[in-house]
Protein chains: 2
Amino acid sequence: MILRNQVEWALHCCVALSELPADQYVSTKALAEFHGVPKEYLSKALQALAQAGLVDTTLGPTGGYRLAKRPEDISFLDIVEAVEGPTQTFKCTEIRKNNPCLKKTAKFSPMCSIAKVMNRADEAWKRELRSMNLKILREELTDKLSDDQLQKGTDWLLSRR
Amino acid sequence: MILRNQVEWALHCCVALSELPADQYVSTKALAEFHGVPKEYLSKALQALAQAGLVDTTLGPTGGYRLAKRPEDISFLDIVEAVEGPTQTFKCTEIRKNNPCLKKTAKFSPMCSIAKVMNRADEAWKRELRSMNLKILREELTDKLSDDQLQKGTDWLLSRR
DNA sequence: GATCCCATACTCGGATAGTTGATGTCCGAGTGAGAGGGG
DNA sequence: CCCCTCTCACTCGGACATCAACTATCCGAGTATGGGATC
């Protein structure tokens with residue numbers, strides 16, 4: 001029922017990338033040290049983001065990651081599903097069809113009523129995450145943090161090349 | 001990210017119980033065979049429901065489970081959380097505090113902005129499940145299924161004592 | 001000074017473990033209902 | 001006919017085994033950059 005921690009890391013990395021100039025690459029190592037997480041494992045999350053087309057990557061020295069789209073075009077749901085895969089809390093195994101007092105030829109409505117309810121809840125969850133993107137979050141952060149704090153962060157990341 | 005299948009079983013069992021006369025106990029064995037799931041493992045889910053006060057239980061022969069409240073007072077969220085425990089998809093590990101270019105004395109807002117967004121999504125999910133209860137579902141079922149189908153089901157369960 | 005080559009730093013992908021949690025099974029203890037025997 | 005006891009079916013709770021997924025870690029292959037060597 002809980003998302004893997006790579007999701008948290010991916011979200012924080014995307015936010016960090018959205019603070020940088022759009023054409024700058026940042027290495028996995030820099031992102032890992034910045035967030036205090038294991039570099040090699042974080043790499044898996046970033047690879048998932050790259051595979052989903054949310055970030056660009058370049059090889060070699062000065063290589064690394066940068067956002068592949070504008071911050072307003074990357075929703076939280078995009079990031080979560082890139083790392084976690086398709087998100088669905090409920091998996092219906094159709095146990096209603098095991099009912100021993102119904103004939104095998106009995107007709108069933110196309111979807112189990114219980115599954116329908118659970119899916120509705122999942123949809124509400126996704127809707128909430130789709131409505132939030134990196135640009136909105138960035139604006140919240142610039143309101144909350146001092147310019148100095150933000151600047152120090154971006155400088156630190158860019159100096160680590 | 002996925003709920004355990006005990007949640008599905010618990011939901012179906014509660015719906016079945018809500019179809020029965022309120023004072024009738026049904027054994028684990030009957031519920032397990034009715035749904036085609038392992039009896040001993042289903043028992044764990046039912047115990048969780050009993051612990052949460054959603055169902056009553058009696059020992060001995062003719063023992064079993066019955067609803068402890070009126071169907072309209074048992075929401076889907078009650079059942080899900082009884083079996084699954086507190087539901088939360090996102091666990092914030094506060095990696096924002098690992099930022100190496102902030103002093104240790106730096107002040108942080110009480111909640112990580114990213115966690116706030118994720119929690120909002122979780123709340124939307126819970127709100128949806130809180131709005132659905134056993135009575136509403138039961139009314140949906142009586143509309144959808146024939147009286148004969150429902151009657152057969154309750155008779156089968158009651159005859160298995 | 002221009003060109004070529006090589007070392008370096010990085011990403012990518014696969015292989016490999018350890019740990020946790022879900023899934024499922026088994027068994028003994030406790031309990032209450034009903035049957036059967038004795039008064 | 002009444003009461004006691006015994007058996008049985010059931011729940012409860014813990015112990016145990018299995019399996020999948022998450023959480024890492026490590027290493028080799030491939031690639032682009034930049035510096036140094038060569039012409």
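Scope of the values below: all heavy atoms of this structure, side chains included, with no hydrogens, waters or symmetry mates. Letters go in sequence order (proteins before strands), and every chain restarts at 1.
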Length of the line joining [X]:[atom1] and [N]:[atom2], which is rounded to integer Å:
{"X": "A:Glu8", "N": "D:dT23", "atom1": "CD", "atom2": "C1'", "answer": "14 Å"}
{"X": "A:Lys39", "N": "C:dC10", "atom1": "NZ", "atom2": "P", "answer": "7 Å"}
{"X": "B:Lys91", "N": "C:dG21", "atom1": "NZ", "atom2": "P", "answer": "11 Å"}
{"X": "A:Tyr25", "N": "D:dT31", "atom1": "OH", "atom2": "C1'", "answer": "13 Å"}

Discussion item. I want to verify a distance call: between C:dA22, C:dT11, D:dT11, whose nearest atom is closest to the B:Thr28 side chain?
Written reply: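 Of C:dA22, C:dT11, D:dT11, D:dT11 is nearest to the side chain of B:Thr28.
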Worksheet item: Side chain of A:Tyr41: nearest nucleotide among D:dT11, C:dT11, D:dT23?
Response: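 Given the options D:dT11, C:dT11, D:dT23, the side chain of A:Tyr41 is closest to D:dT23.
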Practice prompt. Quick one: closest heavy-atom pair of B:Met1 and A:Thr87, and the distance?
Written response: CE-CB, 3.9 Å
Worksheet entry | Pairwise side-chain contact, B:Asn119 with B:Gln88, heavy-atom cut-off 4.5 Å (strictly under) | yes
Discussion item. With a 4.5 Å cut-off on side-chain heavy atoms, are A:Arg96 and A:Ile114 touching?
Written reply: no
Worksheet item: When you measure from the side chain of A:Asp56 to the backbone N and O of A:Arg66, does any donor-acceptor pair fall under 3.5 Å?
Response: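 Checked: no pair found.
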Item to complete: May I ask you to decide if B:Pro71's main-chain N or O and B:Arg138's side chain share a donor-acceptor pair within less than 3.5 Å?
Response: no
Under-3.5 Å N/O pairs linking protein and nucleotides 27-37 of chain C:
none

Item to complete: Give the intermediate values and the outcome of side-chain contact (heavy atoms from CB on, under 4.5 Å) for residues B:Thr93 and A:Asn5.
Response: CA-CA 8 Å; B:Thr93 60; A:Asn5 55 9; 5.5 Å; no
Discussion item. Using heavy-atom distances to pick each residue's nearest nucleotide on DNA chain C, tell me which of B:Leu3 and A:Gly64 is more 5'.
Written reply: A:Gly64
Practice prompt. Under 4.0 Å from any atom of DNA chain D, heavy atoms only: list the residues of residues 42-55 of chain B that qualify, in numerical order.
Written response: B:Lys44, B:Gln47
Discussion item. Below the 4.0 Å mark, does D:dC22 have OP1 or OP2 next to a side-chain nitrogen or oxygen of A:Asn5?
Written reply: no
